[in-house]
Amino acid sequence: RDLETEIFLQRQTEAVADLQTKYETEKKEKEIVLLTKENQEQNLLLLKQENFRNVLILVLLLIFLVAAGMFFRYRAKKKMNETLREKNREIEKRKNEVELLNTSLRELNSAKDKFFAIISHDLKNPINLLTLSTSYMLKNLYETDKDKLGLYLENMDKSAQSLEFLLKNLLNWAQSQLGTLQFNPQKTDVAGLVSNCMQELETFAIQKGISIKTIIPKDTIVLVDAEMTATVIRNIISNAIKFTGTGGRIDVSARKLKDAVEISICDNGIGMDDETRKGLFKIDQKKSVQGTAGERGTGLGLILCNELIQKNNPAGKGLKIESAPGKGSCFYFKLTNFPPVNP
């Protein structure tokens with residue numbers, strides 16, 4: 001009986017062992033299945049992640065390609081726009097050059113017309129008067145009384161002075177246009193310069209009963225081209241005489257500034273409106289205006305004066321004009337100051 005019990009116990013033990021082995025086996029199999037499933041899920045997740053990464057890389061690549069394309073397209077468009085702007089600038093530059101050339105050609109054409117008008121009209125009249133006067137005097141030298149002879153001689157003198165004045169202006173203006181007008185600055189006394197100019201024009205002023213007053217401080221010295229400056233003063237005073245009525249007045253004054261001397265020439269003549277004043281220095285807008293005694297001018301004098309003053313002015317500025325109809329005119333210009341040396 002003990003043997004049977006022992007055999008029974010042994011069989012029970014073996015059965016338990018088999019069950020334990022079977023349990024362990026099933027457990028391991030389940031773990032293997034679970035691990036396999038987890039591994040499959042992990043692999044599937046990794047595959048999804050890899051696919052997502054690949055899709056993301058593809059999207060990023062597409063975005064980069066689109067951005068690169070847009071960038072290069074922008075650069076190409078920018079370069080094209082810059083090229084177009086450069087071409088437009090070049091076209092505008094050429095257009096401006098053509099406009100400047102056309103303006104220059106118009107000015108040259110106007111200058112040519114003005115020059116021929118001066119020669120054909122303003123130069124012809126005093127020459128004709130001189131020719132007629134000399135011819136009449138030669139034919140009637142011994143038959144003409146002294147008063148009439150004096151009148152003819154006076155007319156001849158006026159014509160000769162007008163011719164000289166006109167020819168000087170024509171010569172200076174022609175040299176200025178050609179760029180051959182020599183600029184020779186030197187120390188010059190303003191009072192003496194004005195006095196010399198007034199002596200040349202005194203006859204014309206006396207004939208119209210016009211008084212010329214000067215207010216120039218002592219030792220007013222300037223560094224200028226004396227001949228150019230004298231031409232300016234002569235022309236402006238001559239114009240003032242021309243457009244001032246009988247018994248009028250002309251004032252010539254000088255004012256010392258910090259670095260310049262301002263000259264002013266004022267009259268109480270007929271004056272001018274703004275339109276006339278603005279066109280004084282434009283040869284294509286010049287109109288011949290008769291003086292108070294029927295005098296005629298070329299309109300060239302003030303253009304020449306403005307150019308000459310620009311050469312002598314310390315800042316390169318020309319004439320400044322103030323005028324109003326019936327209230328006279330004032331011409332201002334500045335010259336380089338030259339302090340006098342004390343003896």
Side-chain angles (χ1 to χ4, degrees), residues 122 125-126 129 150-151 153-166 168-169 190-217 220 229-255 261-281 286-306 308-309 318-335:
D122 298 281
N125 287 346
L129 184 57
L151 180 62
L153 287 172
E154 186 179 319
N155 288 335
M156 288 174 64
D157 182 61
K158 287 172 62 178
S159 295
Q161 289 188 50
S162 296
L163 274 174
E164 182 185 18
F165 195 76
L166 175 57
K168 281 183 179 179
N169 278 345
V190 175
L193 196 64
V194 171
S195 178
N196 291 336
C197 294
M198 286 174 57
Q199 287 177 12
E200 297 180 34
L201 300 167
E202 188 176 13
T203 303
F204 298 105
I206 291 173
Q207 288 173 353
K208 294 184 73 171
I210 295 172
S211 63
I212 303 178
K213 304 295 182 182
T214 60
I215 306 173
I216 300 175
T220 303
T229 308
T231 298
V232 172
I233 294 172
R234 279 196 304 268
N235 270 282
I236 297 177
I237 294 178
S238 175
N239 263 11
I241 293 171
K242 185 186 304 179
F243 296 109
T244 299
T246 304
R249 177 189 175 105
I250 298 171
D251 294 318
V252 183
S253 61
R255 183 167 63 103
V261 172
E262 183 181 67
I263 310 295
S264 64
I265 301 174
C266 299
D267 62 65
N268 61 349
I270 62 176
M272 66 188 94
D273 56 27
D274 287 341
E275 184 179 355
T276 302
R277 180 175 55 81
K278 291 176 182 178
L280 286 177
F281 306 133
K286 290 299 295 177
K287 295 180 181 179
S288 182
V289 180
Q290 286 191 346
T292 55
E295 306 99 326
R296 299 189 65 85
T298 62
L300 188 63
L302 289 178
I303 295 176
L304 174 64
C305 288
N306 197 51
L308 296 183
I309 285 300
L319 292 171
K320 177 185 174 183
I321 304 170
E322 294 178 355
S323 186
K327 295 184 179 180
S329 301
C330 280
F331 290 79
Y332 303 91
F333 57 91
K334 293 179 182 178
L335 302 173

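For reference, positions follow the sequence shown, starting with 1.
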Taking [X] for its side chain and [Y] for its backbone only, find out whether a donor-acceptor pair lies under 3.5 Å.
X    : Y    : value
K213 : R249 : no
N235 : T231 : yes
S253 : I216 : no
N268 : G248 : no

Distance-minimising heavy-atom pair for [X] and [Y]:
X    : Y    : value
L280 : I303 : O-CG1, 3.4 Å
G245 : I210 : O-CG1, 3.7 Å
A254 : T220 : CB-CG2, 4.3 Å

Side-chain contact, heavy-atom cut-off 4.5 Å: [X] with [Y]?
X    : Y    : result
S329 : M272 : yes
V232 : N306 : no
I233 : F331 : no
I241 : K208 : yes
D251 : I215 : no
I236 : L319 : yes

In Å and rounded to the nearest 0.5 Å, what is the [atom1] to [atom2] distance from [X] to [Y]?
X    : Y    : atom1 : atom2 : result
I212 : I265 : CD1   : CD1   : 9.5 Å
K242 : D267 : NZ    : CG    : 12.0 Å
K320 : F333 : NZ    : CZ    : 14.0 Å
T214 : I250 : OG1   : CD1   : 12.0 Å
K327 : C266 : NZ    : SG    : 14.5 Å
T229 : L193 : OG1   : CG    : 6.0 Å

Counting neighbours of CZ on R277 that are heavy atoms of other residues, nucleotides or ligands and sit closer than 6.0 Å, is the number greater than 12? yes
Between T276 and D273, is any side-chain donor less than 3.5 angstrom from a side-chain acceptor?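 Short answer, yes.
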